[in-house]
Amino acid sequence: MLGLDISSTAVKLLELSRNGDKYRVESYAVEPLPPNAVVDKNINDVGATAEAIRKVVRRSKTRLRRAAVAVSGSAVITKTLDMPADLSEEDLEARIALEADQYIPYPLEEVSLDFEVQGPSDKGEDQVEVLLAACRSENIEQRVSALTEAELETGVVDVEAYAIERTYTLLEDQFPPQEQLVVAVVDIGATMSALSVLVDGKTVYTREQLFGGRQLTDEIQRRYGLSAEEATLAKHQGGSGLPDDYYAEVLEPFRDAVIQQVTRALQFFYSSTSYSDVDYILLSGGVAAMEGLSDLVGEKLGKPTVVANPFFEMGSSSRVNQKALTKEAPGLMIAAGLAMREKEY
């Protein structure tokens, strides 16, 4: 399937092929969204979003028409339940439907539910752990409508944190093997930042906050009297063409704000879980590619910090611009995890 990440500012498409345990990038493309088409990862304008999807499909030259999309973690309620191991899938579904209203603060008729058996429960051999996920149906329907209008079939609606967890399997060999390896994945997008903490590759904590690269764009626009397009271009060019005070007066305060947001997110994690430390920080999202940011985060927080590149061991087809893909790689973590979803789902 196509991995289709609908963020607040762009639609990102990724197509992977697989041979054994090796992946290859067959196509990818990124298409900007009009302002306010998607607000805080909620689709506000289905027609404009569908048009961006059509454009990104054309640009990528993919022939696939089945896609996986995701909703943000803040739109989803998850709960791990212990259930009898001898229940059939139908009985399990009926049991969960009966119990779901204990955990979901919305009328069940307004909610889409799914569940997955995770494995044996610590409670005993006759119990299994079942992950319940619930989301307001309108969030799902907006995405399905946009894909349908763009002449794509929605194969899967995933959760962004689990897409990141799936992509992490491509990166975990970069970290030395150890028991209870705690990795904080900090995904900094245009308007939202998300912290996912993985222990031995499994998500144990997620949290989103309003902060992203658009704050830097807005400050460039305000200070230098540029249009939104001009400010975005100047930012992506590393401040080239801007006055000399850009680095000290605009970029440095923004990088300090990134450090503050990462520090605050980790403090929330420590205060609400039994963990008091992380072993590594993995930076993803468009902001992660900012020159020198990972070194600064590592220095200020005293933790080894790596910029995510899910494609560092992947081959690619001749139609893929490898240099552009490498530059975009940190922002394609979610798209990669969606593209890794298997066809049978």
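Atom set for the values below is all heavy atoms of this structure, side chains included, hydrogens, waters and symmetry mates excluded. For clarity, every value in this text was computed on a predicted model and none was experimentally measured.
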Contact between [X] and [Y] at the side-chain level, heavy atoms closer than 4.5 Å - yes or no?
| X | Y | answer |
| --- | --- | --- |
| Thr49 | Arg143 | no |
| Leu195 | Thr206 | no |
| Leu325 | Leu332 | yes |
| Val128 | Gln118 | no |
| Leu282 | Leu171 | yes |
| Gln174 | Phe312 | yes |
| Asp200 | Gln180 | yes |
| Glu151 | Arg54 | no |

Identify the heavy atoms of [X] and [Y] that sit nearest to each other, and give their distance.
| X | Y | answer |
| --- | --- | --- |
| Ile334 | Ala163 | O-CB, 3.8 Å |
| Glu208 | Ser74 | OE1-OG, 2.8 Å |
| Phe311 | Val25 | CD2-CG2, 3.7 Å |
| Lys61 | Arg319 | O-NH1, 3.1 Å |
| Glu149 | Ala50 | CB-CB, 3.6 Å |
| Cys135 | Ile140 | SG-CD1, 4.0 Å |

Test Ile281 against every option in Val186, Val183, Val306, Val185 by the side-chain contact (heavy atoms from CB on, under 4.5 Å) rule and name the one that passes.
Val186
Show which side-chain atoms of residues 77-87 pair as donor or acceptor with protein atoms under 3.5 Å away, not counting sequence neighbours.
unit_1	atom_1	unit_2	atom_2	d
Asp82	OD1	Ser121	OG	2.6
Asp82	OD2	Lys123	NZ	3.0

Is the [atom1] atom of [X] crowded by more than 12 outside heavy atoms at less than 6.0 Å?
| X | atom1 | value |
| --- | --- | --- |
| Asp277 | CG | yes |
| Gln237 | CD | yes |
| Glu125 | CD | no |

What pairs with Ala97 under side-chain contact (heavy atoms from CB on, under 4.5 Å), at least two apart in sequence or on another chain?
none
For Pro120, check side-chain contact (heavy atoms from CB on, under 4.5 Å) against everything at least two apart and list the hits.
none
Once rounded to the nearest 0.5 Å, what's the spacing between atom [atom1] of [X] and atom [atom2] of [Y]?
| X | Y | atom1 | atom2 | answer |
| --- | --- | --- | --- | --- |
| Thr217 | Glu229 | OG1 | CD | 11.0 Å |
| Ser7 | Met192 | OG | CE | 11.5 Å |
| Ser284 | Asn309 | OG | CG | 11.5 Å |
| Leu251 | Asp245 | CG | CG | 11.5 Å |
| Leu170 | Lys22 | CG | NZ | 10.0 Å |

Would the Tyr246 and Phe254 ring centres measure less than 6.0 Å apart?
no
Sort and list the pairs that fulfil salt bridge (Lys or Arg N to Asp or Glu O under 4.0 Å) and have at least one residue in residues 96-114, not counting sequence neighbours.
Arg95-Glu99, Glu110-Arg136
Assess whether side chain to side chain contact (heavy atoms under 4.5 Å, CB included) is satisfied between Leu147 and Val69, documenting all intermediate values.
CA-CA 9 Å; Leu147 265 68; Val69 293; 3.8 Å; yes
Working for salt bridge (charged side-chain N to carboxylate O under 4.0 Å, His left out), residues Glu153 and Arg65
CA-CA 6 Å; Glu153 177 192 348; Arg65 288 297 177 268; over 6 Å; no
Identify every side-chain donor-acceptor pair in residues 290-300 under 3.5 Å, counting partners at least two apart or on other chains, and give the distances.
none

Flag for Ser112-Ser137: side-chain donor and acceptor within less than 3.5 Å:
yes
State whether a side-chain donor-acceptor pair under 3.5 Å links Asn42 with Gln142.
no
Are Tyr205 and Ser272 close enough, and set up right, to give a side chain to side chain contact (heavy atoms under 4.5 Å, CB included), and what steps lead you there?
CA-CA 9 Å; Tyr205 176 89; Ser272 55; 3.4 Å; yes
Could you list the donor-acceptor pairs under 3.5 angstrom formed between side-chain atoms of residues 154-161 and any protein atom two or more places apart in sequence or on another chain?
unit_1	atom_1	unit_2	atom_2	d
Asp158	OD2	Arg166	NH1	3.1
Asp158	OD2	Arg166	NH2	2.9
Asp158	OD2	Arg341	NH1	2.8
Glu160	OE1	Lys41	NZ	2.8

Evaluate Tyr168 against Thr203 for side chain to side chain contact (heavy atoms under 4.5 Å, CB included), listing each step before the verdict.
CA-CA 10 Å; Tyr168 175 78; Thr203 304; over 6 Å; no
Looking at [X] and [Y], would you say the former's side chain and the latter's main chain have a donor-acceptor pair under 3.5 Å?
| X | Y | answer |
| --- | --- | --- |
| Ser60 | Tyr28 | no |
| Ser196 | Ala194 | no |
| Glu230 | Ser227 | yes |
| Asn321 | Ala324 | yes |

According to ring pair (Phe, Tyr, Trp, His ring centres under 6.0 Å), does anything in residues 90-136 pair up with another residue at least two apart or in another chain? List the pairs.
none
Taken in chain and number order and not counting sequence neighbours, the residues that satisfy side chain to side chain donor-acceptor pair (under 3.5 Å) with Gln221 are none
According to side chain to side chain donor-acceptor pair (under 3.5 Å), who are the partners of Asp91, at least two apart in sequence or on a separate chain?
Ser88
Sequence neighbours excluded, which residues qualify as ring-ring contact (aromatic ring centres under 6.0 Å, His included) partners of Tyr275?
Phe269
Using a strict 4.0 Å threshold on nitrogen-to-oxygen distance, state whether Arg59 and Glu31 make a salt bridge.
yes
Between Ile6 and Ile53, does a side chain to side chain contact (heavy atoms under 4.5 Å, CB included) hold up when you go through it step by step?
CA-CA 9 Å; Ile6 303 170; Ile53 294 170; 4.2 Å; yes
Just distance, no hydrogens or angles: give the donor-acceptor pairs under 3.5 Å from side chains in residues 9-18, sequence neighbours left out.
unit_1	atom_1	unit_2	atom_2	d
Lys12	NZ	Gly331	O	3.1
Glu15	OE1	Ser27	OG	2.9
Glu15	OE1	Thr62	OG1	2.7
Ser17	OG	Glu26	OE2	2.6
Arg18	NE	Gly20	O	2.8
Arg18	NH1	Tyr23	OH	3.4
Arg18	NH1	Glu342	OE2	2.3

Please table the atom pairs, donor to acceptor, closer than 3.5 Å between any side-chain atom in residues 258-268 and protein atoms at least two apart or in another chain.
unit_1	atom_1	unit_2	atom_2	d
Gln261	OE1	Gln209	NE2	2.6
Thr263	OG1	Ile259	O	2.8

